[in-house]
Amino acid sequence: MTPAGGSPATAVDSPDALAIQQLSKTFGGTRALRQVDLDIRPGEVHALVGQNGSGKSTLIKVLAGFHTPDPGCAATVSGEPLRLGDAADSHRAGLRFVHQDLGLVGQLGAVENLSLGFGYSRTPLGLIDWREHETLAKEAIRSFGHDFDVREPVANLSVVEQTVVAIARALQGAETAVSVLVLDEPTSAMPAPDVEHLLDLVTKVRARGTAVLYVSHRLGEIFRIADRVTVLRDGAALGPWPVADLTRRDIVEKMTNIAQVDDVLNATNTDTDTDTNAESAAEVVLDLIGVGGHTVSGLDLQVRKGELLGVAGIAGSGREELCDLVFGGKARTGQITVGSRWLPPGRPDQSVRQGLALVPADRLRRGVIRDLSVRENLTLPSLRTLLRFLLVRRNAERRTAQAWIERLGVKTPGLEAGVETLSGGNQQKVVLAKCLMIEPDVLLLDEPTQGVDVAAKADIHRQIARYSEAGGTVLVCSSDNEELESLCRRVLVLRNGEVVAELLGPDVNLRRLTEESLGTESAVPDRKDAR
Amino acid sequence: MTTLPSGPPTRVPPGEKATWQQRRTDFGLARFSGVYVAVALIIAYLLTVPVFRSVDVARVIASSQAITGILTLGLMTALICGVFDVSIAANMSFAASFVGWLQSVHDVDWVLAVASTLLVGGLIGVVNAVIVTRWHVEAVIGTLGTMSILAALSFLLVRGEDIYDGIDETFKSVGSATVLTVPVSVYYLIALAAVLYVVLEHTPLGRYFYAIGANSEACRLAGIKIVRYQWIGLIISGVVASLAGVLYTMQQGAASFGAGDPFLLPAFAAAFLGSTQIKPGRFNVIGTLVAIYLLAIGVKGLQLQFPGNPWISDLFNGIALILAVGLSQRALRRRARR
């Protein structure tokens with residue numbers, strides 16, 4: 001690890017590795033990026049941070065040439081003009097990208113993955129010279145200090161090793177020509193111990209003189225490796241600042257635009273204690289003891305009757321799998337009881353019988369059933385309550401479906417319309433209504449308003465509140481901190497699979513949620529005191 | 001909702017009335033196109049093919065298609081659950097030989113022979129279910145395997161020969177009699193279609209079948225035991241396929257070897273063509289019946305027009321299969337677009 005002082009970030013004579021002026025991007029009527037300026041110096045690690053929806057991914061997609069920016073912007077790479085929005089030109093200029101999903105072919109080995117889309121060297125007979133490729137691949141992998149079988153299918157490699165392959169592929173061939181390597185959330189799927197290796201990898205790339213644009217949610221990492229940081233907020237760029245001049249708290253404030261709010265709120269903190277006391281008198285309906293999954297480990301959590309408990313956390317914190325672990329959509333360890341009954345793991349059918357219902361995050365793949373009508377989607381889990389002699393009572397079914405459509409304000413051309421013809425918000429209402437219809441004791445909500453318009457979001461929030469007021473118990477996992485702020489009075493914050501904070505009453509606010517999710521006072525040490 | 005260029009532009013008010021109006025606009029074109037094509041074919045053949053003008057032709061089409069129809073309904077049930085069952089025709093072949101073999105070689109009473117054959121058909125469904133749901137073998141591949149295994153078992157059973165002797169006379173007449181001038185097998189087809197119609201359209205079981213076929217993960221999260229219902233679907237399709245085999249042996253009065261094999265393509269063609277009819281975009285009983293008779297009329301007319309060209313039915317069925325699947329995909333896309 002080189003500390004920032006020794007980095008080449010101070011070199012001012014050579015032109016910027018990448019310089020962008022006045023970059024804007026409008027989708028329909030929404031401005032995703034507003035006159036963004038960005039300059040990356042040769043051989044620096046430049047961090048780009050911002051909340052969900054701040055425009056990070058749009059910026060990267062414009063750089064990669066997926067989106068064409070609004071007219072009026074200019075960009076240069078090492079002093080040469082760059083046409084933004086042209087994938088071929090951005091490649092020619094020496095911009096390389098490692099996207100979040102890495103883009104590797106899992107069944108193929110590192111050798112084949114490196115050669116894909118890069119061209120093959122041939123033997124005199126015109127066949128692919130695999131021996132040559134293998135030697136090159138081995139060298140490339142070794143140059144990053146790794147040594148694994150380059151013929152092993154990459155799906156069997158660890159996440160770090162896969163990232164090595166992806167980075168090696170991005171940098172291969174033209175070491176001198178690569179000006180900027182863009183790493184998009186490289187650690188989001190990575191177990192915590194592996195992050196260390198990745199940071200090493202990034203320093204190795206920097207040591208070659210390649211500038212790195214490092215996009216991440218995790219502030220700890222930024223303090224470890226970045227020289228400078230640019231913050232995106234609502235599509236506008238702030239900064240850049242040398243990382244050494246900032247604290248974590250500074251960055252969070254710049255990301256959220258809330259300063260000193262928490263001091264005011266902290267003053268009023270005491271009067272909520274009575275409230276929470278009253279709530280703790282209610283019986284525990286959902287009780288998790290030592291629950292573990294892919295990321296989550298040893299999680300204890302209790303939800304009381306009528307409570308609306310929120311769970312916050314950035315991508316990769318374990319927040320996104322919690323609902324599935326409880327409901328049985330994914331395999332888990334640990335004990336869960338509902339009421340006083342033990343809940344078997346991995347059995348959604350048993351979960352439903354014991355009074356649970358799940359609104360899953362992936363609406364299209366796991367929520368609605370395309371090709372079925374709105375009516376059929378709504379009544380699917382409650383068909384058995386609509387029977388007469390084994391047959392579904394058509395009229396009763398129709399009346400029930402109609403009643404729920406009206407109750408939730410689902411906009412549909414009719415009960416028989418295909419559910420796929422509705423807008424995202426109305427589809428989500430159908431999924432919610434389907435769950436409410438079976439009158440669950442506990443409602444599990446995973447990203448209940450993701451990709452939903454503002455009006456539908458308000459409707460959905462109203463329904464959730466109404467259900468909770470009627471004595472229903474709710475566990476809501478969301479990456480939308482505003483949503484948690486408006487819905488919940490108690491929120492648990494997950495980071496690296498563990499609960500790092502419990503926020504109550506007025507502490508449930510945007511500022512605190514963001515701070516805790518990102519780890520302002522994180523256990524990951526700052527660079528300054530690390531070594 | 002499908003918008004069709006023809007007809008007056010109807011303003012669609014919200015609520016149930018809208019769907020009824022939409023249906024009425026669809027009436028002539030999409031939903032019943034098969035019926036119209038069938039009628040047009042009949043008229044064309046009546047005018048151009050003299051031999052076509054006979055009650056016997058109608059009777060032959062009706063009775064021979066009853067067996068195709070029963071097999072197709074079994075296949076349709078599997079397809080609704082999202083399982084592409086290609087072993088269905090081999091299952092029918094095995095059943096046709098098995099029911100004859102029991103009577104001829106082992107002197108089993110015909111009622112018992114029929115019952116055990118249907119039971120074996122259900123067991124074949126269980127085997128398919130284990131392969132698809134337990135071992136997670138892709139359904140087409142898994143059932144392709146069982147198809148080949150069944151062909152081998154049929155051969156071992158009867159040494160690749162037809163069985164003529166020792167088949168009960170009552171057994172034969174149960175399948176080949178004529179009731180009110182209509183072959184009795186047609187009544188069996190109608191009865192099976194009626195039962196399946198009620199099950200698929202009016203019971204939770206049928207609804208679960210459709211839902212699982214469309215999105216099994218969403219069903220799992222709705223608390224439905226999807227594996228259980230896939231088992232039920234495959235067992236139904238297995239029993240129905242062996243029923244087709246039994247009926248075939250009854251009709252022929254002999255257990256011919258490999259009897260079901262030529263039915264594979266027509267069954268798939270009819271099932272997919274059926275999914276473009278009555279309820280476009282969805283496999284359904286009535287649509288399947290329309291498709292079966294449409295295809296039968298088409299192929300019979302051609303056979304009569306060009307006698308002595310046995311390749312015609314293969315050609316027709318191949319083209320029909322491709323067209324049917326193409327049309328069904330179009331129906332799905334249309335549904336998705338509206």
Side-chain angles (χ1 to χ4, degrees), chain A residues 323-324 327-329 347-354 356-360 362-373 375-377 379-387 389-394 397-398 401-402 405 411-421 431 434-435 438 440 444, chain B residues 1-3 10-23 26 80 82 195 197-229 275 279-284 328 331-338:
Chain A
C323 280
D324 261 326
F327 189 71
R347 288 288 300 273
D349 56 306
Q350 283 297 324
S351 300
V352 169
R353 285 183 64 173
Q354 295 195 22
L356 265 59
L358 169 71
V359 174
D362 190 342
R363 174 170 59 243
L364 285 178
R365 279 187 40 243
R366 311 182 71 204
V368 296
I369 300 175
R370 309 173 67 155
D371 302 342
L372 258 56
S373 68
R375 165 180 57 86
E376 289 164 321
N377 265 280
T379 57
L380 188 72
S382 39
L383 272 182
R384 293 194 185 284
T385 62
L386 296 166
L387 296 187
F389 313 121
L390 299 172
L391 301 185
V392 178
R393 286 156 34 209
R394 268 291 152 97
E397 188 193 1
R398 235 171 241 153
Q402 186 64 41
I405 281 181
K411 287 191 195 68
T412 168
L415 284 175
E416 303 307 319
V419 75
E420 69 276 3
T421 63
V431 177
K434 170 175 94 169
C435 289
I438 60 174
L444 305 168
Chain B
M1 303 249 97
T2 324
T3 40
T10 42
R11 209 176 59 79
V12 179
E16 276 171 61
K17 248 187 168 170
T19 60
W20 171 235
Q21 288 221 341
Q22 282 308 123
R23 266 198 196 151
D26 286 359
I80 288 172
V195 170
Y197 180 85
V198 172
V199 168
L200 291 173
E201 304 288 333
H202 293 285
T203 69
L205 182 69
R207 194 71 63 77
Y208 296 156
F209 281 175
Y210 279 112
I212 289 168
N215 186 344
S216 62
E217 176 67 5
C219 292
R220 195 171 72 95
L221 296 183
I224 295 166
K225 295 180 179 171
I226 54 170
V227 169
R228 170 194 285 186
Y229 291 105
S275 76
K279 291 187 166 183
R282 197 181 270 207
F283 294 107
N284 67 90
S328 72
L332 262 183
R333 280 202 306 278
R334 272 201 181 181
R335 249 186 79 94
R337 257 210 312 274
R338 45 172 210 197

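Lettering of chains follows the sequences in order, A, B, ..., and the numbering in each one begins at 1. In this text the structure is predicted, and so the values were computed from the model without any measurement.
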Sort [X] into side chain, backbone, both or neither according to what part of it lies under 4.5 angstrom from a heavy atom of chain B.
X         : value
Leu390(A) : backbone
Leu386(A) : neither
Leu364(A) : backbone
Arg394(A) : side chain
Val368(A) : backbone

Margin query: Has Tyr210(B) got a side-chain atom pairing as donor or acceptor with Leu200(B)'s backbone, closer than 3.5 angstrom?
Written below: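 Pair absent, no side-chain N/O of Tyr210(B) close to backbone of Leu200(B).
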Check: Okay, side chain of Ser382(A), backbone of Thr385(A): is any donor-acceptor separation there less than 3.5 Å?
Finding: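 Absent.
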Notebook entry, point to check: Given Glu201(B), which of Arg282(B), Arg207(B), Lys279(B) fulfils the salt bridge (charged side-chain N to carboxylate O under 4.0 Å, His left out) condition?
Noted result: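 Considering Arg282(B), Arg207(B), Lys279(B), a salt bridge (charged side-chain N to carboxylate O under 4.0 Å, His left out) with Glu201(B) is found only for Lys279(B).
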Next item on the list: Just jot down the ring-ring contact (aromatic ring centres under 6.0 Å, His included) partners of Tyr208(B), sequence neighbours excluded, or say none.
Entry: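 With neighbours one apart ignored, the set is Tyr229(B).
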Note to self: Under a 4.0 Å threshold between the charged nitrogen and the carboxylate oxygen, would Arg375(A) count as salt-bridged to Glu397(A)?
What the structure shows: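 A salt bridge is present here (some side-chain N lies under 4.0 Å from a carboxylate O).
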